[in-house]
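For ligands, and for the atoms within them, numbers begin at 1 and follow the listed sequence. Numbering starts at 1 and runs along the sequence shown.
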Amino acid sequence: MFLMKDIVRDGDPVLRKRAENVQFPLSDEDKKLAEDLMEYLVVSQDPELCEKYNLRAGVGLAAPQVGVSKMMASVLVPAEDENDEPVFKDVIINPVIVSNSVQKGALTEGEGCLSVDKDIPGYVPRSARITLKYTDVDGKDHKIRLKNYPAIVCQHEIDHLHGTLFYDHIDKDDPFSRTDDEIFIY
Ligand code: N9Y
Ligand code: NI
């Protein structure tokens, strides 16, 4: 199981590399990686286990964040009511955003990252809606439309696979500048 000590921090070159495409059928090693990436999110979102293992709760975790430069990330966006099914739960492999809305969206509170220990305030403008293509662990291809929060989370994860970190998108001169046609999410 991944712990905070396994999470690579900003400054490590692996976070700035473009990750390698994953070959199918998945090797046993890649299957295990996919399982472990999702396990981290599930465990971290359980308040008791999160405390027990001293984790930071997360909604996404990309392979480069555990030192593996492969096009793979887990995403677990919980439902508002914990008894409902998650809004989005999957390991996305070789993900490609095939279309972006013109409208931008940003999290009202800005973003953080498990690989970035300090707070970096500012809006991270992203697409409000995306169409995402990816392959799951079973080799099944998906093409889905996501909006708002799940769309933002997937863009943050896909950025990791291209060596981009959230603060790269913050306007240094005016971190909280808003543009027209930008929506604020949460
Ligand atoms: C993990 C990040 C991914 C999100 C950041 C903004 C959009 C995607 C992450 C740092 C601390 C908070 C934490 C978070 C959370 C939220 C709701 C419910 C449960 C992946 N990362 N966080 N960022 N936690 N937990 O770096 O999850 O938002 O690349
Ligand atoms: Ni991150």
Side-chain angles (χ1 to χ4, degrees), residues 2-19 33-34 36-93 95 97 104-130 132 134 146-170 175 182-186:
F2 290 128
L3 299 172
M4 291 312 292
K5 67 166 172 57
D6 303 307
I7 296 182
V8 166
R9 303 307 155 88
D10 195 7
D12 188 312
V14 73
L15 292 174
R16 291 306 192 175
K17 279 205 284 205
R18 189 199 151 87
L33 175 63
D36 290 349
L37 289 173
M38 184 55 78
E39 181 193 35
Y40 178 89
L41 301 182
V42 172
V43 171
S44 79
Q45 288 183 23
D46 178 315
E48 261 136 56
L49 295 174
C50 187
E51 194 176 301
K52 179 174 172 196
Y53 294 110
N54 250 294
L55 306 177
R56 268 177 101 190
V59 286
L61 187 63
Q65 292 185 278
V66 294
V68 182
S69 195
K70 287 185 179 168
M71 286 274 174
M72 191 191 285
S74 57
V75 178
L76 177 53
V77 179
E80 285 212 31
D81 181 334
E82 56 177 300
N83 300 308
D84 293 343
E85 289 295 306
V87 174
F88 186 79
K89 178 181 185 180
D90 215 347
V91 177
I92 59 173
I93 301 172
I97 296 171
K104 300 290 168 196
L107 299 182
T108 313
E109 306 280 304
E111 294 188 13
C113 180
L114 297 178
S115 297
V116 178
D117 288 327
K118 57 177 180 187
D119 262 12
I120 304 179
Y123 293 137
V124 179
R126 299 191 182 277
S127 301
R129 296 174 294 282
I130 57 171
L132 175 67
Y134 70 93
L146 294 170
K147 59 177 179 172
N148 301 339
Y149 189 60
I152 302 263
V153 175
C154 287
Q155 289 171 81
H156 178 113
E157 298 320 317
I158 292 166
D159 267 358
H160 275 301
L161 306 180
H162 294 93
T164 300
L165 294 171
F166 73 96
Y167 60 78
D168 299 343
H169 300 290
I170 299 174
E182 185 166 28
I183 58 166
F184 286 83
I185 299 155
Y186 300 123

**Study point:** Main-chain N/O of C50 paired with R56 side-chain donor or acceptor, under 3.5 Å
**Key:** no

**Study point:** Geometric class of the H156/F166 ring pair [parallel <30°, tilted 30-60°, perpendicular >60°]
**Key:** parallel

Point to revise | Side chain to side chain, I7 and S115, heavy atoms closer than 4.5 Å | key: yes

Exercise for review: Could you list which atoms of ligand 1 come closer than 4.0 Å to a heavy atom of Y149?
Suggested key: 16 (C), 17 (C)

Point to revise | N or O pair under 3.5 Å between V153 and ligand 1 | key: no

Review point. Within a strict 4.5 Å, meaning less than it, do heavy atoms of the P121 and E109 side chains meet?
Key: no

Revision key, fill the gap. Going by the 4.0 angstrom heavy-atom rule, the piece of Y40 near ligand 1 is neither

Check your understanding: Can you find a pair of side-chain heavy atoms, one from V77 and one from K89, that are under 4.5 Å apart?
Key -> no

Check your understanding: Tell me: protein heavy atom nearest atom 10 (C) of ligand 1, and distance?
Key -> C113 N, 3.4 Å

**Study point:** Nearest neighbour in protein (non-hydrogen) for atom 11 (C) of ligand 1
**Key:** R56 NH2, 3.4 Å

Practice item. Provide the tally of protein N/O/S atoms nearer than 2.8 Å to the Ni ion (ligand 2). Key: 3

Review point. Considering only protein heavy atoms, which is closest to atom 5 (C) of ligand 1, and at what distance to one decimal place?
Key: G112 O, 3.4 Å

**Study point:** Enclosure of D168 CG (heavy-atom neighbours >12, cutoff 6.0 Å)
**Key:** yes

Revision key, fill the gap. The closest protein heavy-atom partner of atom 12 (C) of ligand 1 is A57 O, 4.0 Å

Review point. Tell me: protein heavy atom nearest atom 19 (C) of ligand 1, and distance?
Key: V59 CG1, 3.8 Å

**Study point:** D6 side chain to Y40 side chain, donor-acceptor N/O pair below 3.5 angstrom
**Key:** no

**Study point:** Under the ring pair (Phe, Tyr, Trp, His ring centres under 6.0 Å) test, residues paired with Y123 that sit two or more places apart
**Key:** F176, F184

Review point. Does anything in residues 156-166 pair up under salt bridge (charged side-chain N to carboxylate O under 4.0 Å, His left out), and if so which pairs, sequence neighbours excluded?
Key: R126-D159

**Study point:** L114 CG to M4 CE distance, which is reported to the nearest 0.5 Å
**Key:** 5.5 Å

Review point. Which residue holds the protein heavy atom closest to atom 20 (C) of ligand 1, what is that atom called, and what is the gap in Å?
Key: E157 OE2, 2.9 Å

Review point. Residues in side chain to side chain donor-acceptor pair (under 3.5 Å) with N54, at least two apart?
Key: none

Review point. Judging by distance only, is a nitrogen or oxygen of Q45 under 3.5 angstrom from one on ligand 1?
Key: no

Exercise for review: Pull out every atom of ligand 1 sitting under 4.0 Å from any heavy atom of E111, numbered as shown with elements.
Suggested key: 6 (C)

Review point. Has ligand 1 got any nitrogen or oxygen that is less than 3.5 angstrom from a nitrogen or oxygen of S115?
Key: no

Exercise for review: For residues E85 and A79, report the shortest heavy-atom separation together with the two atoms involved.
Suggested key: O-CB, 3.1 Å

Practice item. Pull out every atom of ligand 1 sitting under 4.0 Å from any heavy atom of G60, numbered as shown with elements. Key: 1 (C), 20 (C), 21 (N)

Review point. Can F166 be said to touch ligand 1, with heavy atoms closer than 4.0 Å?
Key: no

Practice item. Find out whether E39 and F2 are in side-chain contact, i.e. whether some heavy atom of one side chain is under 4.5 Å from a heavy atom of the other. Key: no

Practice item. Measure the distance from atom 26 (O) of ligand 1 to every protein heavy atom, then report the residue, atom name and distance (to 0.1 Å) of the closest one. Key: L114 N, 2.9 Å

